[in-house]
Amino acid sequence: MTRIRPAQPAMMGGTKTATPIERPSVLSALVRRAKRPLLVVGHRALRARGNGEREIDLLARAALAAGIPVAATGDAGPALQAAGLEPAICTSAMNLGGLLADPGWPGVDDQGPHDVIFVAGLVYALEWTLLSGLRHAPSHPVTVSLSPAFEPHASFSVPNLAWPAWRALIAEGFGLEGPA
Amino acid sequence: MKGIDIRIAEIASPLGRVRDLRLGIGRVGSGTWDEPVGPTPCPSPTALRDWDRRLLARYKPFYMPLCDLCCLCTYGKCDLSGGKRGACGITLEAQQSRIVLLAACIGAATHTSHARELVEYLIARNGRTYPIDPGGLSVELRMPIAELVCGVRPETLGDLETVLEYCEEQVVHLLSATHTGQEGDPIDFESKVLHTGMIDHTAMEVADVAQISALDFPKADPGAALVELGIGAVDAEKPVILVVGHNVPPAAAILDHLAASGLEGSVEVTGICCTAIDMSRRSRAAKIVGPISWQLRYIRSGIPDLVVVDEQCVRADIFEEATRAGLPVIATSSKNCIGLPDRTSDPSDELVADLVSGAVPGVLVLDPEKVGEVAVRVAVERRPLRPEVPALDVAAAAEACRGCGACAEACPAESEIPAAMQAAGQGETGALGALLASCVGCGRCEDACPQGIEVHRLIAASCDACDRFAIRTGRGPIQDVEIREVGGPLVLGEIPGVVAFVGCANYLEGGEEVAEMVTEFAKRRFVVCTSGCAAMAAAMHHDEEGLTPYERFSGRFEAGGVVNVGSCVSNAHISGAAVKIASIFAKRNLSGNYAEVADYVYNRVGAVGVAWGAMSQKAASIAAGFWRLGIPVVVGPHGAKYRRMLLGRADRDEDWTVRDRRTGDDVYVGPVPEHLFIAAETKEEAMALIAKLAMRPNDTSRGRSIKISHYIDLHQHCYGRMPDDLHRFIRTPADIPVMQKDRILPLLEANGWIERPIPDPTLLPQEVSR
Ligand code: SF4
Ligand code: SF4
Ligand code: SF4
């Protein structure tokens, strides 16, 4: 397995590091196998990338296609609504972290704990710390960082990718588009 | 003055068992004060453990390790991940809380040491019997924190030493608890964090009251002067002295020397960080350049002729930077000698000659009066020799950029530097200059660049932000009469809250966000307080009429006021105001009565601290001092790196009952305030949180409906929809904002809402039927 540096190299966490998601098939498998997934989307996903496209629009399409409920943090909620996705919960990432860490929390729909937490679009340091908190949480969720910046504390993380490669990975991984 | 000092390990009293009681009859004060001493004067690290555990039962730590390893002793390194324990037996959770305690101890030690140096200096200058007077006739309760914590009422500078002895002793105990093989339980560590915070506020109060009294700062003055801030306010034609740090005696001595030698007005004394604020409290002629993030760009600007550093938040490489810019340096603090030779005993003439000629690049002088004289003379003599800083050809320098991205990887602000740098290489410098707004001035980009590009310098050179602003200088404490006027409306909730913007300048999106939040809450008729670097950030923004928040809003502690209390150590006046509400408005005894007063503040005073750019260990201990009083603190995204939050669980009804003081019944009051420490991702999210965290169980229906209106409004602005937790905050139909009734009633029905009583709330069993 390739060893990848965190997007901010000083942000090393410990002896274990996330498994990089280097092929769309890995992402597809994670999406497929998740029984009670949740996608957390932060406000950094609002930034325009590439030719004016935004991460948040692709993430909304991905969540809708995979039927994954979304937690909107920061100011991501209105943009998701505009993209046709009503978030299951709007709250702060830290509050959400406290809830997700608790094995007794019944989830955004009261149907039971979430087993796989996808995270994207948070400020790097905030995503990093949230994933660290979840890594050590008694609820033991599988965490998947979808941000284009490698997050060592996740169970699985997208590596450091420029916009076109990131876009292709997410689109194919969530089955929005076939292989390029 | 040393008097009787009695220590009682444990006694049974009608209030319960009291541990570690210490009485200091006649130690301080004139004896005109007859308030009975409460159960915990000068509490030990365990004396308030019961109160702490009540808070921590509601606000559970959510640990987010920055590092899974521990390397504090030679058993290590130990890997604490996956449930593993260290060789000493410690868990990952306990290790995180230990590091939080360590940070808080560093902060409290720093303020205590700061206070000690200041008090010793002022005693040497003004005498031990010099009276304490932070507010003239307007402030009878001069040191609410010292009175609450220590059960003493200091009256002279000498009396302050007694309070400091207690703080010093406690910091030693607290630090010792972080040694390998001491505490192992995270909640006991957390309790000690809260104790450290309380000590920190006590020491800060000592420091600020001492300097207000003896250095003639504004005394609780709502009309404290508007002074100038910003690099554009500096007259670079004059000799310019730069002072950096947090401890004001050398800067005050510079101002005094100018006045004594008739040079006032002909030399610019400029400052960065809290020394700047404090010297502007002494003289309106002093200029504030900006917060900590301005160090590199101002030193490199070619404006200053000399750099004087004291202590705290001074860049460790300031000597190298100044030397590179051709500036002599005077270090003035025993805590920050920066490798310079101690020339304190040398004659001033020799020091001036050596520094002006460049025979030595810098000196350590541990005598503030000598610094005052030498700094002025050096600046005046160096002015004609000031080197011209050649105009920087940004495009030519940026051409070397290969777009490798190393700078962006190093940048804490996550700035997209490479594209902007490459555009600058082609002559388009606009994008590069725009990065300055969010730049914290750390310089990590420059160290990272393999091409040796001075990235931060180029960013600064691409932006001609040379503005000047007005800031109301630090006024010090809140007057007793102001407390009497706002106490009622605050405790009833009709003034929707006190929001205090404090702390450092580690902003993710720039300091302008602080100014925007200050303006928003002042317009919403909250009482807004500011201090330290946050007070400066709040000033660095003009509204459409060209006014800063300090020009636009009054400086009174009132609804819609914007109150700059002063430097970091002035934060004690914000916690002090909450304590004074309990004393002056509610007539609670303060003396050694911490738990009762904290219980009062927690349940009744809708105060929220906001440290949007919190960076330092001092910010950690300042926050902890607010937490122990039950005052929640919101930090910016970088604040998550303090590695743990204190989060309430709104969905667990059983966590949110209080005792009704009248009946003794347990009553569900909803999650108010919901969290004690939380990082927000964006300014909009922070504002929604602040409005929510200002709710308290004691709010009247009128007060609660006002608070809920603000919460709904700010929540909708951030999240684009109504909050889904209103049923938890609405107790009776009268709590519902009239204009929102149609929207809220269906939400209540959907959540099975039932009406509930509004109690006279307390967490303390001994408070029932008092
Ligand atoms: S203090 Fe404990 S956990 Fe840390 S290195 Fe020593 S034995 Fe290991
Ligand atoms: S100096 Fe500014 S641009 Fe450079 S790394 Fe620090 S914050 Fe980023
Ligand atoms: S590190 Fe230097 S060379 Fe690399 S992108 Fe940044 S400025 Fe350009």
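Heavy-atom basis, side chains included; hydrogens, waters and symmetry copies ignored. Naming: A, B, ... by sequence-line order, numbering from 1 per chain.
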Under 4.5 Å from any heavy atom of chain A - which part of [X]:
X        : answer
B:Asp651 : side chain
B:Glu509 : side chain
B:Gln96  : neither
B:Leu66  : both
B:Arg643 : neither

Calculate, to the nearest 0.5 Å, the distance between atoms [atom1] and [atom2] belonging to [X] and [Y] respectively.
X        : Y        : atom1 : atom2 : answer
B:His638 : A:Thr129 : NE2   : OG1   : 11.0 Å
A:Gln8   : B:Cys411 : CD    : SG    : 7.5 Å
A:Leu131 : B:Met64  : CG    : CE    : 11.0 Å
B:Glu416 : A:Arg47  : CD    : CZ    : 4.5 Å
B:Leu689 : A:Ser92  : CG    : OG    : 5.5 Å

Query - Set of side chain to side chain donor-acceptor pair (under 3.5 Å) partners for B:Lys84, sequence neighbours left out - result: B:Ser81
Report task. Pick one of side chain, backbone, both or neither for A:Leu122, based on which atoms fall under 4.5 Å of a heavy atom in chain B. Result -> both
Query raised in the report: Considering only heavy atoms, which portion of A:Ala10 lies under 4.5 Å from any heavy atom of chain B: side chain, backbone, both, or neither?
Result: neither
For residues [X] and [Y], report the shortest heavy-atom separation together with the two atoms involved.
X        : Y        : value
A:Pro78  : B:Cys718 : CD-O, 3.5 Å
B:Ala413 : A:Arg44  : O-NH1, 4.5 Å
A:Cys90  : B:Tyr719 : CB-CD2, 3.5 Å

Requested in this report: Tell me, with the steps shown, if A:Arg135 and B:Asp68 meet salt bridge (charged side-chain N to carboxylate O under 4.0 Å, His left out).
Outcome: CA-CA 10 Å; A:Arg135 165 147 116 175; B:Asp68 298 350; 2.7 Å; yes
Identify each donor-acceptor pair in which a side-chain atom of residues 82-89 of chain A lies under 3.5 Å from a protein atom, sequence neighbours left out, and give them as a table.
unit_1, atom_1, unit_2, atom_2, d
A:Glu86, OE2, A:Gln81, NE2, 3.1
A:Glu86, OE2, B:Arg721, NH1, 2.6

Between [options], which shows the greatest number of heavy-atom pairs under 4.5 Å with chain A?
options                               : value
B:Glu684, B:Glu414, B:Lys60, B:Met645 : B:Glu414
B:Asp725, B:Leu80, B:Leu508           : B:Leu508
B:Arg649, B:His715, B:Lys77, B:Arg652 : B:Arg649
B:Glu409, B:Glu674, B:Arg644          : B:Glu409

Query raised in the report: Is the backbone of A:Leu126 close enough, under 3.5 Å, to the side chain of B:Glu681 for a donor and an acceptor to pair up by distance?
Result: no
Query raised in the report: Any donor-acceptor pair under 3.5 Å linking the side chain of A:Ser132 with the backbone of B:Pro65?
Result: yes
Query raised in the report: Can you name the residues of residues 93-106 of chain A that have some heavy atom under 4.5 Å away from a heavy atom in chain B?
Result: A:Ala93, A:Met94, A:Asn95, A:Gly97, A:Gly98, A:Leu99, A:Ala101, A:Asp102, A:Trp105
Report task. Spell out the residues in residues 136-162 of chain A that have some non-hydrogen atom less than 4.5 Å away from a non-hydrogen atom of chain B, in order of number; otherwise answer 'none'. Result -> A:His136, A:His153
Requested in this report: Could you have a look at A:Ala125, A:Gly77, A:Ala76, A:Gly13 and say which one has the most heavy-atom pairs with chain B under 4.5 angstrom?
Outcome: A:Gly13
Query - Selection from A:Pro6, A:Gly74, A:Gly133 maximising heavy-atom pairs under 4.5 Å formed with chain B - result: A:Gly74
